[in-house]
Structure formats: C-alpha cells, structure tokens
Asks: 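Can you keep this structure in mind? I'll have questions shortly.
In this chain, residues are counted from 1 in sequence order. The shown structure was predicted, so the numbers you read here are calculated from the model rather than taken from an experiment.
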Amino acid sequence: MLIGVDIDEVLAEFVAALCGFHNSKYGTSLEKNDISSYDFCEVWGGTEEEAVKKVLEFQSSPEFKELAPIQGAQKVTRGLSLKHDLITISSRPKIVYGETRRWLNYHFPSTFSELHFTNEWHKQDGEPIIEKLDLCNKFGVGVLIEDYLKTAITCAEMGIPVLLLDQPWNKASELPEKVTRVYSWQDIEERIEYRRF
C-alpha cells in the first residue's frame, strides 16, 4: 500500500518551535496548546498574508533546521517502510525543499521514497493550485496521515482514508466516515497493520 505522510506535526515538531520563535521575535507567550487553528492569523491576529510571512521567517531560521521528530515517528515509519511504500506530502513552500530533504534524510534515512509539496499556502501567480487531495489521487495513496482537519475532510469526501493525528487545532465534534482520529504513532502502526481506518 502507498502511504502518504504529512511532515509538520506528523513527522516534525513544527508548532512548538514556531511558538518559541514567535515569542522571541514578537514578545508573545504562546505554547502549542494555544494554537487552536492552523490558520495562524486566527491565533496571532493580523492578516493571512502577515501570518504566512511570519511562517516564512521561521522557515529561514536556525530553529527550523533543528526541528525535533514527533515521538515514535522514526521507529514506526521505519517499520512501515519495510512493508509499504511511504511518501511525504507537505504544504511547505518550495523554497524549503532542500532543507526539508536534508532533514528527512537525517532523521528518516531510507524511509520515504519521494517528497512532494503542494502550493495551497504558497501559490505563485499564474500557477494552478495543487492540494494534497490532487497528489493523493495522482499517486494512488491508500491512506494519508495528516493533522490538518480541512485536508482530512477533503480527502475523505473523495474516498481517501485519513488517519488524523490528534492536535489542538483539529478538534471536531464528529468526523466524516473515512477520517479516523489517532493519538500516537503506535496507534497509527496498529491501525495500518490491521487495516482499521
């Protein structure tokens, strides 16, 4: 089976490091649990463009290069890669492709066969929008591991099962049929092994 895996907050501890960077630069006192929306302007205030600019600043920082892996991700993905083909599908901007490849090679050597980026947050003028759903359909992803609720719902509505890694910004009273909330990489491993998604 082909498994699609998001990077930020699925493989990499992005938000905690982003909060530390934001606190240092903008005098806030944010923690990961304060991030109730992945549309950061809803948390920080300001416009969507300003929020994207702040994230780009963070992605140019030393802190971004030193992101820690999510607990359990390295061991479980290594095991899954022995039985399945794993690819990464991220909404990061293209300018961090090289740094992302370096980080994956360091923390997840020989685990992921491909790295793909969407442009839904960082679209250039004249480019058609490419979303995770488009890439999942293009490559025939059998299950997507994701933390962004909107993406999970969009993919599920088109028949792609999603394992939604529980985070403060993806709370929902109920989930669509093909979205399964998971709480750890051990939970993900069991659900994939027994096809419970």
Side-chain angles (χ1 to χ4, degrees), residues 4-61 63-64 66-71 73 88-96 100 103 116-124 129-136 143-158 160-185 187-188 197:
V5 185
D6 182 29
I7 296 177
D8 293 322
E9 291 310 314
V10 172
L11 297 176
E13 287 278 7
F14 181 85
V15 169
L18 175 63
C19 286
F21 173 83
H22 195 277
N23 293 341
S24 175
K25 183 150 187 170
Y26 297 99
T28 52
S29 56
L30 294 167
E31 296 181 5
K32 182 175 177 176
N33 284 336
D34 297 323
I35 308 300
S36 57
S37 171
Y38 219 68
D39 297 322
F40 295 124
C41 60
E42 295 177 13
V43 179
W44 299 331
T47 65
E48 187 176 316
E49 291 76 22
E50 289 168 336
V52 168
K53 184 179 176 198
K54 287 180 178 181
V55 171
L56 288 171
E57 286 176 357
F58 169 64
Q59 290 171 328
S60 299
S61 73
E63 293 91 338
F64 177 71
E66 301 302 322
L67 295 178
I70 295 284
Q71 184 178 3
T88 50
I89 303 175
S90 176
S91 298
R92 288 180 172 188
K94 291 176 187 173
I95 58 169
V96 296
T100 302
W103 187 89
H116 299 281
F117 281 13
T118 71
N119 66 357
E120 51 202 313
W121 294 102
H122 306 280
K123 179 181 170 294
Q124 302 294 318
I129 294 177
I130 300 169
E131 298 179 346
K132 287 189 182 176
L133 172 63
D134 301 321
L135 295 178
C136 286
V143 63
L144 176 66
I145 304 169
E146 176 64 49
D147 70 298
Y148 188 47
L149 182 61
K150 186 176 174 183
T151 296
I153 291 170
T154 300
C155 289
E157 287 174 347
M158 298 307 293
I160 298 166
V162 179
L163 295 176
L164 182 69
L165 192 55
D166 188 60
Q167 297 290 359
W169 49 87
N170 65 27
K171 303 303 181 198
S173 56
E174 57 183 87
L175 295 170
E177 185 181 336
K178 288 193 173 287
V179 178
T180 304
R181 188 174 296 278
V182 290
Y183 297 91
S184 68
W185 268 98
D187 191 6
I188 291 168
F197 49 81

Asks: Suppose the criterion is salt bridge (charged side-chain N to carboxylate O under 4.0 Å, His left out): which pairs have a residue in residues 161-172, not counting sequence neighbours?
Replies: D166-K171, D166-R181

Asks: For H116, what residues pass the ring pair (Phe, Tyr, Trp, His ring centres under 6.0 Å) criterion, not counting sequence neighbours?
Replies: F139

Asks: Taking the side chain as every heavy atom from C-beta outward, state whether I35 and P168 have any pair of such atoms under 4.5 Å apart.
Replies: no

Asks: State which residues pass salt bridge (charged side-chain N to carboxylate O under 4.0 Å, His left out) with E57; sequence neighbours excluded, sorted by chain then number.
Replies: K25

Asks: Mind checking whether W44 and H22 have parallel, tilted or perpendicular rings, split at 30° and 60°?
Replies: parallel

Asks: More than 12 non-hydrogen atoms from neighbouring residues, nucleotides or ligands closer than 6.0 Å to CD on E63, yes or no?
Replies: yes

Asks: Can you name the residues that form a side chain to side chain donor-acceptor pair (under 3.5 Å) with S36, not counting sequence neighbours?
Replies: none

Asks: Do E131 and D134 have side-chain heavy atoms sitting under 4.5 Å apart?
Replies: yes

Asks: Residues in side chain to side chain donor-acceptor pair (under 3.5 Å) with T88, at least two apart?
Replies: none

Asks: Mind checking whether F117 and V96 have side chains closer than 4.5 Å, heavy atoms only?
Replies: yes

Asks: Is there a side-chain contact between L163 and L144 in this structure, where contact means two heavy atoms from C-beta onward sitting under 4.5 Å apart?
Replies: no

Asks: Sequence neighbours left out, what passes ring pair (Phe, Tyr, Trp, His ring centres under 6.0 Å) with Y183? Give chain and number order.
Replies: none

Asks: State the OG1-CD1 distance between T118 and I129, to the nearest 0.5 angstrom.
Replies: 10.0 Å

Asks: Does any non-hydrogen side-chain atom of Y148 lie less than 4.5 Å from one of V10?
Replies: no

Asks: For a quick test of reading the model, state the closest non-hydrogen atom pair linking A12 to R92 and the distance between them.
Replies: CB-NH2, 4.3 Å

Asks: Kindly compute the distance separating CG (L149) from CG (L164), expressed to the nearest 0.5 Å.
Replies: 6.0 Å

Asks: Roughly how far, to the nearest 0.5 Å, is CD1 of I70 from CG of L11?
Replies: 8.0 Å

Asks: Report the distance from atom SG of C19 to atom CD of E31, rounding to the nearest 0.5 Å.
Replies: 8.0 Å

Asks: What closest approach, in Å, do C155 and V162 show between heavy atoms, and which atom pair accounts for it?
Replies: CB-CG2, 3.8 Å

Asks: So, do V15 and Y38 sit near enough that their side-chain heavy atoms are less than 4.5 Å apart?
Replies: yes

Asks: Would you please name every residue forming a side-chain contact (heavy atoms from CB on, under 4.5 Å) with A16, sequence neighbours left out?
Replies: none

Asks: Quick one: list whatever passes side chain to side chain donor-acceptor pair (under 3.5 Å) with D34, sequence neighbours left out.
Replies: none

Asks: To the nearest 0.5 angstrom, please state how far the CD1 atom of I89 sits from the CD1 atom of I130.
Replies: 12.0 Å

Asks: What is the minimum heavy-atom distance between F64 and Q59, and which atoms define it?
Replies: CD2-O, 3.3 Å

Asks: Can you see which heavy atom on A172 is nearest to which on L175, and at what distance?
Replies: CB-CD2, 4.0 Å

Asks: Mind checking ring pair (Phe, Tyr, Trp, His ring centres under 6.0 Å) for F21 and listing every partner two or more places apart, or none if nothing turns up?
Replies: F58

Asks: In the structure I gave you, are the side-chain heavy atoms of F40 and V52 within less than 4.5 Å of one another anywhere?
Replies: no

Asks: Less than 4.5 Å apart, side chain to side chain, heavy atoms only: is that true for K132 and S91?
Replies: yes

Asks: Distance from E146 atom CD to T154 atom OG1, nearest 0.5 Å?
Replies: 10.0 Å

Asks: Please give me the minimum heavy-atom distance between K178 and A156, naming the atom from each residue.
Replies: CB-CB, 3.8 Å

Asks: Just jot down the side-chain contact (heavy atoms from CB on, under 4.5 Å) partners of Q167, sequence neighbours excluded, or say none.
Replies: E9, K32, D147, L165, W169, N170

Asks: Looking at residues at least two apart in the chain, or sitting in another chain, which of them share a side-chain contact (heavy atoms from CB on, under 4.5 Å) with S29?
Replies: none

Asks: Considering residues at least two apart in sequence or located in another chain, which fulfil the side chain to side chain donor-acceptor pair (under 3.5 Å) criterion with S24?
Replies: none

